[in-house]
Enquirer: 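Let me begin by handing over the structure; questions about it come next.
Within every chain, numbering begins at 1; the chains are lettered A, B, ... in the order of the sequence lines, protein sequences first and strands thereafter.
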Amino acid sequence: MRITTWNVNSVRQRLEHLLAFLKEAEPDVLCLQEIKTQDDSFPRLEIEAAGYHVVTHGQKTFNGVAILSKARLEDVRTGLPGDPSDEQARYLEGMVPLGAGMVRVGCIYLPNGNPVGTEKYPYKLGWMERLAAHAAALLKLEEPLVLAGDYNVIPEPGDCHDPAAWAQDALFLPQTRAKFRELLNLGLTDAVRATTNAEKLYTFWDYQAGAWQKNNGIRIDHLLLSAQATDRLIGTTIHKHVRGWEKPSDHVPVSVDLRAEPVR
DNA sequence: ATGTCGCATTCCATGCGA
C-alpha cells in the first residue's frame, strides 16, 4: 500500500493539483498539511467523488491537516495530546487495513518555529516534546505505524542545499535537530534515508529567489516508521515533478510503499 | 535582490505566516 504526505499550502488553491495527484500516484492514504481552511469549507465532495474517505482537522487561515484514504479511517484522533490549551490544528491520526492487520497513520504539521527568539521557537520545541511522548505511547502498541508530515526539520547538513544559510534557522538549529534525533531514537525509521543515500533530495523549495530553478531546496517532509512498518517497507518516492506544475505548493508529496505482510 | 505565495481585513492595500 502507498502512504503519502503533502503540505499543499491551501487545499482550496491546490484542488486541481490534488485531484491530478490522486489520479497519478494512487496513494491509499494521503496526509495533507496546511489546508488553511475550516472543516466546512474543505472540498470534501470533490475528493469523495475521486474515491476517498476524508477526515479533517481544519482551522481558519492557518495550519489545518486532513487525511484522505481509500478505506474508511478507524480510531480517529484529532489533535496532539499533552496541552489542552493548544488551539493550533496540527495533528490527526487514524487506522486503515494493511494485510491481515492495520496500519496507524499520524498526519503531522510540526510548527515552523521562526523567528527564533520569539515565543514561536519554544512552542516548536514543546510540540516536538509532546510528539515524542505520543509516539512513545503508540510504539508500545507494537503495530505498523507511519508518522507522516511536514516536520519543519532539516535532519542533517546533506538535507539542504546550503547548510550555512540555515545555521540560525529554527528548522536547522542544533536543538531542533537533537529533538528530531530523540524521536528517531525512540525506534522510528526515516523511510527516505532507509531506502536511499542519494544526495540533494529535497521536498521544499521556497517561492522566492528562484530557489526551485536553482534546486536550492531542503528536505523537511518525512515519514517515520515503526519497526513493524519498516519490516514492510518496499521503497519511497519524492514526487519532485509536482513542484514544476503551474502555481504549485512550495512542498512536494513524499510516499512510502509498504508490503501487506512483513518480510521474515 | 527585503526576491513569493495565500489568507484575512483595515477590503484593490496592507499585515501576517511561511
Enquirer: Looking only at side-chain N and O atoms, does A:R14 come under 4.0 Å of OP1 or OP2 in B:dG6?
Expert: yes
Enquirer: Between atom CG in A:D169 and atom C1' in B:dA18, what is the gap in whole Å?
Expert: 11 Å
Enquirer: Could you check how far CG of A:N9 sits from P of B:dA8, rounded to whole Å?
Expert: 13 Å
Enquirer: Is there side-chain contact between A:T176 and A:N152, with at least one heavy-atom pair below 4.5 Å?
Expert: no
Enquirer: Report the distance from atom CD of A:Q208 to atom C1' of B:dC5, rounded to the nearest whole Å.
Expert: 9 Å
Enquirer: Using atom CZ of A:R12 as one end and atom C1' of B:dA8 as the other, report the distance to the nearest whole Å.
Expert: 11 Å
Enquirer: Could you check whether A:D28 pairs with A:R2 (Lys NZ or Arg NE/NH1/NH2 to Asp/Glu carboxylate O, under 4.0 Å)?
Expert: no
Enquirer: Minimum heavy-atom separation for A:I3 to A:L223, with atom names?
Expert: O-CD2, 3.8 Å
Enquirer: Round to a whole Å and report the spacing from NZ of A:K214 to P of B:dT4.
Expert: 12 Å
Enquirer: Identify the two heavy atoms, one from A:V252 and one from A:W6, that lie closest to each other, and give their separation to 0.1 Å.
Expert: C-CD1, 3.6 Å
Enquirer: Can you tell me which residue among A:F172, A:F180, A:W127, A:Y91 is in a ring-ring contact (aromatic ring centres under 6.0 Å, His included) with A:Y151?
Expert: A:F180
Enquirer: Does A:S10 place a side-chain N or O at less than 4.0 Å from the phosphate oxygens OP1/OP2 of B:dC7?
Expert: yes
Enquirer: Just the rounded figure in Å: distance from P of B:dA18 to CD1 of A:I220.
Expert: 12 Å
Enquirer: For A:Q13, report the nucleic acid contact type (base, sugar-phosphate, nothing); a contact means any heavy atom under 4.0 Å.
Expert: sugar-phosphate
Enquirer: A:K60 side chain N/O closer than 4.0 Å to the phosphate oxygens (OP1, OP2) of B:dT9?
Expert: yes
Enquirer: Check every strand shown and say whether A:F204 touches a base, only sugar-phosphate, or nothing at a heavy-atom separation below 4.0 Å.
Expert: nothing
Enquirer: Of the candidate nucleotides B:dA18, B:dA8, B:dG3, which contains the atom at the shortest distance from the side chain of A:A209?
Expert: B:dG3
Enquirer: Between B:dG17 and B:dA1, how far apart are the P atoms? Round to whole Å, please.
Expert: 27 Å
Enquirer: Mind running side-chain hydrogen bond (donor to acceptor under 3.5 Å, both in side chains) on A:Y123 and A:T118 for me, showing each step along the way?
Expert: CA-CA 9 Å; A:Y123 174 68; A:T118 69; over 6 Å; no
Enquirer: I'd like the C1' distance from B:dC11 over to B:dG6, given in whole Å.
Expert: 16 Å
Enquirer: Between A:H251 and A:V11, which residue's closest nucleotide on DNA chain B lies nearer the 5′ terminus?
Expert: A:V11
Enquirer: Say you pick atom P in B:dC7 and the same atom in B:dT2; how far apart are they, in whole Å?
Expert: 26 Å
Enquirer: How far does the P atom of B:dC5 sit from the matching atom of B:dT10, given to the nearest Å?
Expert: 26 Å
Enquirer: Out of B:dA8, B:dG17, B:dC5, which has the shortest distance to the side chain of A:Y207?
Expert: B:dC5
Enquirer: Rounded to whole angstrom, note down the C1' distance from B:dA8 over to B:dG3.
Expert: 23 Å
Enquirer: If only side-chain N and O atoms of A:K247 are considered, is one of them under 4.0 Å from the OP1 or OP2 phosphate oxygen of B:dG6?
Expert: yes
Enquirer: In whole angstroms, how far is the C1' atom of B:dG17 from the OH atom of A:Y109?
Expert: 8 Å
Enquirer: To the nearest angstrom, how far is A:L110 atom CG from B:dG17 atom P?
Expert: 18 Å
Enquirer: Quick check on DNA chain B: between A:N63 and A:G210, whose nearest nucleotide comes earlier from the 5' end?
Expert: A:G210
